Amino acid sequence: MAKKEMKKILVTGSVGQIGSELTMELRKRYGAENVIATGRKTEPSEELRNSGPFHFIDVSRIETVEEMITKYDIDTVFHMAAILSATGEKNPQLCWNVNMNGTINILELGLKYEMARIIIPSSIAVWGPGVPLENTPQETVLQPTTMYGVTKVCGELLCDYYVARFGLDIRGLRYPGIISYKTLPGGGTTDYAVEIFYEAIDKGRYKCFLGPDTKLPMMYMPDCIEGTIQLAEADFSKLKHHSNFNHAAMSFTPAELAAEIKKHIPEFEITYEPDYRQKIADSWPNSIDDSAAREEWGWRPKWDLAAMTEDMLKHLRERHAAGKLYG
Ligand code: SER
């Protein structure tokens, strides 16, 4: 008999951009002591460390994860630890090791300890050449050209295999670029859409590593957290998909984002100097069709480009005024 779900939750990658905010929200909803935050190397923020249990682990070393699962009698895992696309291109072996061995370790421990639920995010990086670029459908060819994308496709297939073969309850969504003001992202191709806000406030200008017309799917953090928890809490029997839900909110280019920022900071200037990340961005879709998520678990985004930009600037301006823009 599988354990009762969402009583003791382990979050891997809790120091990361999404993990840090997800952990705090889970602690609010499920009780601080019931959400065990873990990270690999980076020191957690004071908020994360002081609000509940925190430990260092390495998801590619199964014994370090198993220790947490037995110590806290974990029934649910949010597996957020991953190496992203840009870092993955610089160090493909590290990306494979963390993303693939980390994922299979979580799945194997899920079986061994009869876990109730495992959430493993995927990404827009699963796509590559050959997909329709606008409104990319849920079911389409997956031929990524980055190591990160390869690990995300393998991860989705592996998760679906564990659902079908062993009946493990696994859920996952294909995140677009995530924009937030609490924790900086690291090593992603969509990171420009966060950096631009910090530099707009700090310096009034930004040199973008993608070209002006590179349109990518994006999402504001509150939608990302809400969607992730909503999928985690959805009725498993109603899900036809499991580990690969397209998850969308908005799409824009660097030029469109800059124009939106200029509405609030008229003197803001953007210049473009595309680097190796341009090729990665060019291999991804412009916008994605998330109707499966809408139909199967009721997904509805709340934030668009205008509202997100206003909110980002408001929060970062407050931090800047307090002399703590970068935390
Ligand atoms: N934000 C990720 C990246 O840019 C995409 O999932 O790598």
Side-chain angles (χ1 to χ4, degrees), residues 12-13 15-22 78-92 94-96 98-100 102-103 119-128 131 133 136 142-156 159 172-198 208-211 214-221 223-225 227-228 231 243-254 257 274-288 290 293 301 308 312:
T12 71
V15 185
Q17 185 200 12
I18 303 173
S20 56
E21 294 202 37
L22 179 66
F78 286 75
H79 179 43
M80 311 304 288
I83 300 291
L84 297 189
S85 60
T87 306
E89 287 317 282
K90 290 201 163 144
N91 197 340
L94 174 73
C95 183
W96 176 269
V98 172
N99 296 7
M100 291 318 306
T103 294
I119 293 85
I120 304 187
S122 184
S123 159
I124 52 169
V126 292
W127 289 298
V131 289
L133 292 180
T136 306
L142 302 176
Q143 292 179 331
T145 50
T146 62
M147 179 54 103
Y148 176 59
V150 168
T151 65
K152 285 296 169 187
V153 173
C154 291
E156 286 184 1
C159 288
L173 14 63
R174 291 171 176 157
Y175 287 146
I178 305 298
I179 299 157
S180 65
Y181 58 84
K182 286 194 180 150
T183 307
L184 281 164
T189 302
T190 56
D191 295 8
Y192 92 84
V194 179
E195 287 170 9
I196 192 172
F197 284 100
Y198 283 75
C208 187
F209 59 75
L210 298 181
T214 314
K215 188 171 164 196
L216 289 170
M218 298 279 181
M219 180 178 286
Y220 197 29
M221 186 64 91
D223 272 343
C224 170
I225 300 296
T228 304
L231 174 60
S243 59
N244 60 0
F245 284 100
N246 287 5
H247 194 214
M250 59 181 110
S251 281
F252 54 75
T253 66
L257 178 55
D275 65 12
Y276 69 101
R277 288 169 281 194
Q278 184 67 48
K279 198 170 142 214
I280 301 176
D282 288 342
S283 76
W284 294 347
N286 300 341
S287 62
I288 56 185
D290 61 1
M308 176 274 288
M312 279 291 288

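Scope of the values below: all heavy atoms of this structure, side chains included, with no hydrogens, waters or symmetry mates. We count ligands from 1, going down the list as the structure has it; atoms in each ligand are counted the same way. All figures in this text were calculated on a predicted structure; none of them were measured in a lab.
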Drop me the distance from [X]'s [atom1] to [Y]'s [atom2], to the nearest 0.5 angstrom.
X      : Y      : atom1 : atom2 : value
Ile124 : Arg174 : CD1   : CZ    : 11.5 Å
Thr190 : Glu195 : OG1   : CD    : 10.0 Å
His79  : Ile119 : NE2   : CD1   : 12.0 Å

Near [X], which atoms of ligand 1 are under 4.0 Å from a heavy atom of that residue?
X      : answer
Leu84  : 7 (O)
Trp284 : 3 (C), 4 (O), 5 (C), 7 (O)
Ser85  : 3 (C), 4 (O), 7 (O)
Ser123 : 5 (C), 6 (O)
Thr189 : 3 (C), 4 (O), 7 (O)
Tyr148 : 5 (C), 6 (O), 7 (O)

Kindly confirm or rule out an N or O of Asp191 lying under 3.5 angstrom from an N or O of ligand 1.
-> no

Indicate the ring-plane relationship of Tyr220 and Tyr181, choosing parallel, tilted or perpendicular according to the 30° and 60° boundaries.
-> tilted

Between His247 and Tyr175, what is the ring plane arrangement, given parallel below 30°, perpendicular above 60°, and tilted in between?
-> tilted

Taking the side chain from Asn246 and the backbone from Thr136, do they hold a donor-acceptor pair closer than 3.5 Å?
-> yes

For atom 1 (N) of ligand 1, the protein heavy atom that lies nearest, with its residue and separation | Thr190 OG1, 2.8 Å

